[in-house]
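Quick notes on the structure that follows.
Letters A, B, ... mirror the listed sequences (proteins, then strands); counts begin at 1.
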Protein chains: 2
Amino acid sequence: MNKIHIVGLGLLGGSFGLGARRKFPEMTITGTDISTQNQKDALTLGIITKAQDKPDLDTDIVILATPADTLGDLLIQTLDKVGENTLVIDLGSTKSKLCLQLAGHPKRKQYLAGHPIAGTEYSGPKAAFADLLDRKVMILCEMEKTDLHLKEKAYELFDALNLKLRFMDPDEHDRHLAFVSHLSHISSFMLGKTVLQKMEDEKNIFDMAGSGFASTVRLAKSSPAMWAPILTENKDNILASLDGYISNLTALREKIASSDGEGIYKELEEINKIRDILDLGR
Amino acid sequence: MNKIHIVGLGLLGGSFGLGARRKFPEMTITGTDISTQNQKDALTLGIITKAQDKPDLDTDIVILATPADTLGDLLIQTLDKVGENTLVIDLGSTKSKLCLQLAGHPKRKQYLAGHPIAGTEYSGPKAAFADLLDRKVMILCEMEKTDLHLKEKAYELFDALNLKLRFMDPDEHDRHLAFVSHLSHISSFMLGKTVLQKMEDEKNIFDMAGSGFASTVRLAKSSPAMWAPILTENKDNILASLDGYISNLTALREKIASSDGEGIYKELEEINKIRDILDLGR
């Protein structure tokens, strides 16, 4: 593999560039970002070796790492123009709509739908680091639709970055992610909002916050440019998860209002079994 | 200071013991726990030097580190029997009701209402460690009601543990903590519940969970024995915070349902200002 091209040089696209360059120091990495500042920073930070809008025709892999709602059009435009030995991978957090949009594209075989489960609450090229993807899960959808030869290139890059590959149906992906990722971000953003509203009356409220609050509210620092599109792109699944969440909160609210200490105890104890599940994954 | 007595040898009581012994190796630390296993573990782990139900009459400080709903009665019983040079401190997460209950006690001067903002999602003596309290905030309420001489003993212990002292009115304490601590635990427990419910239909859902989910759901591992009583003890403030939270979630739900990408973006961007506030505290 000699050449990759990255569109979107933020936290994720930038970390792909840094990770790939560490493993393949001779590789040419071209790239572009809608923000000229980000593009400049990416060059300075060594994420890309050359800034350019379009991938060269001999590019091995084009990586699209832009917000979820831009990927459909961008994928079609990119596939239309790439050389016949180029693989195009998107890293979007939602997959069903994209796979459906691309289903009839004449170059569908040159597309691979991916989603690395990796990120932090920070964004932009300066937040990127070569180890972000190390030992993280990379979900791949509809692998059978991608050309066998081009898939080999993807495996080479993913192995170099030390990603753990998982294969999923795109609908299943979107259903799962609504619960184990998108809902977490919503709960955190709304927790931040609720405390900020309270701060208008009560000064210094944050002085009393401990590590528990910091942990639950961390994701409220996440990029709106990334997250607002995810919430609308995966709307149906997110509404299902959010309705379940609100309904659980409302039921607990009633137990608290009626001072049902025993009922609350039993409920919290039942939820504690998440310990075993989470610790299994460690 | 020669002798302290700890009632409740879990994460918090245990960490007080370990921290105090590290600083004052010659100190006698007696203590008791309702669980004989915890009491045995506390002796083995060096949290206490001797297990005994009641504090000796020459004990300098008695620390009560039991669940929030047990502290009222326990405080009264303990104060009734302690020597006149003994200070009794409780470490409960709620303060208004306790201060009110103790207001008329003849030995009110020998009581200090405290709340260290320190903890982890684990519990019991084996979860305790000497550094848990290092550089953590210790909230003290109604300091003016505690005997000046006895307060000096508390300062000596708190300084030894490297606690940062803050003084607050008990009502203000309970209002603030509902938002920056109790609500975080509720949001986390209910997030855990929502995903566990989904898991009944969708196996392997946790395979897709990244660090964001781990962070928001961490507190769902917390002890029900500690948290169920807090939720009922601080009921009014918690209902206020929870109602605000549910109302914010419901409003965002409507924006998602109507695919209001711009409205969602603006809202998340506004909440991002929590970055500056949280980073200030670092």
Side-chain angles (χ1 to χ4, degrees), chain A residues 117 175-177 179-181 183-184 186-198 202 205-206 208-210 212-213 215-221 224 227-229 231-232 235 238-239 241-242 244-246 248-250 252-253 256-257 259 261 264-265 268-269 271-272 274-275 277 281, chain B residues 117-118 175-177 179-181 184 186-198 202 205-206 208-210 212-213 215-221 224 227-229 231-232 235 238-239 241-242 244-246 248-250 252-253 256-257 259 261 264-265 268-269 271-272 274-275 277 281:
Chain A
I117 308 297
R175 277 202 316 274
H176 283 203
L177 269 290
F179 281 81
V180 296
S181 166
L183 183 60
S184 286
I186 291 175
S187 80
S188 195
F189 267 109
M190 292 304 107
L191 184 65
K193 180 175 180 173
T194 309
V195 178
L196 284 169
Q197 286 168 332
K198 184 67 177 173
E202 308 262 358
I205 191 166
F206 287 98
M208 307 302 128
F213 179 71
S215 172
T216 44
V217 89
R218 179 173 68 87
L219 301 178
K221 302 180 191 173
W227 281 96
L231 301 193
T232 49
K235 181 164 110 171
I238 286 173
L239 289 180
S241 72
L242 190 47
Y245 186 53
I246 293 172
N248 285 330
L249 286 164
T250 307
L252 182 70
R253 188 212 181 280
I256 296 171
S259 298
I264 297 169
Y265 182 93
L268 303 190
E269 194 182 31
I271 300 165
N272 267 179
I274 206 164
R275 283 181 197 162
I277 297 167
Chain B
I117 308 298
R175 278 203 315 276
H176 283 202
L177 269 290
F179 281 82
V180 296
S181 167
S184 286
I186 291 175
S187 81
S188 195
F189 267 110
M190 291 304 108
L191 184 65
K193 180 174 179 173
T194 309
V195 178
L196 285 170
Q197 286 167 332
K198 183 68 178 172
E202 309 262 357
I205 192 167
F206 287 99
M208 308 302 127
F213 179 71
S215 172
T216 45
V217 89
R218 179 172 69 86
L219 301 178
K221 302 180 194 173
W227 281 96
L231 301 193
T232 48
K235 180 164 110 171
I238 285 174
L239 288 180
S241 72
L242 189 48
Y245 186 53
I246 292 173
N248 285 330
L249 286 165
T250 307
L252 182 69
R253 189 214 181 278
I256 296 170
S259 298
I264 297 169
Y265 182 93
L268 303 189
E269 195 181 32
I271 300 164
N272 268 178
I274 206 163
R275 283 181 197 163
I277 297 167

Value for OG (S241(B)) from CZ (F179(B)), rounded to nearest 0.5 Å, stands at 5.0 Å

The interface call for R253(A) against chain B, heavy-atom contacts under 4.5 Å, is both

Ranked by heavy-atom pairs below 4.5 Å to chain A, first place among T232(B), I264(B), I271(B), I186(B) goes to I271(B)

With sequence neighbours left out, the residues meeting side chain to side chain contact (heavy atoms under 4.5 Å, CB included) with S187(B) are L191(A), T216(A), Y245(A), Y245(B)

Of G192(A), S181(A), P224(A), A228(A), the largest count of non-hydrogen pairs under 4.5 angstrom with chain B goes to P224(A)

The interface call for L231(A) against chain B, heavy-atom contacts under 4.5 Å, is both

The interface call for L177(A) against chain B, heavy-atom contacts under 4.5 Å, is side chain

Per-residue tally against chain A (heavy atom, under 4.5 Å) across V217(B), L249(B), I117(B) peaks at L249(B)

Okay, I205(A) and chain B: the region with an atom under 4.5 Å from a heavy atom over there is both

Cut-off 4.5 Å, heavy atoms of chain B, and the answer for I256(A) is both

Looking only at heavy atoms, the pair that brings R218(B) and S188(B) closest together is N-OG, 3.8 Å

Scored by heavy-atom pairs under 4.5 Å with chain A, the best of I238(B), L239(B), V195(B) is L239(B)

Notebook entry, point to check: Heavy-atom distance under 4.5 Å between the side chains of Q197(A) and N248(B), does that happen here?
Noted result: yes

Next on the checklist: Counting C-beta onward and ignoring hydrogens, is there a side-chain heavy-atom pair between K198(B) and T194(B) closer than 4.5 Å?
Outcome noted: no

Honestly, the part of E269(A) sitting under 4.5 Å from a heavy atom of chain B is both

Check your understanding: Got a donor-acceptor contact below 3.5 angstrom from the K221(B) side chain to the I274(A) backbone?
Key -> no

Contacts of A118(B) meeting side chain to side chain contact (heavy atoms under 4.5 Å, CB included) (sequence neighbours excluded), chain-then-number -> L132(B), L133(B), K136(B)

On a heavy-atom basis, the closest approach of F189(B) and A220(B) is CE2-O, 3.3 Å

The interface call for L183(A) against chain B, heavy-atom contacts under 4.5 Å, is both

Of all heavy-atom pairs linking I277(B) and F206(A), the shortest is CG2-CD1, 3.2 Å

The interface call for T250(A) against chain B, heavy-atom contacts under 4.5 Å, is both

So, the part of S215(A) with a heavy atom under 4.5 Å from chain B: the answer is both

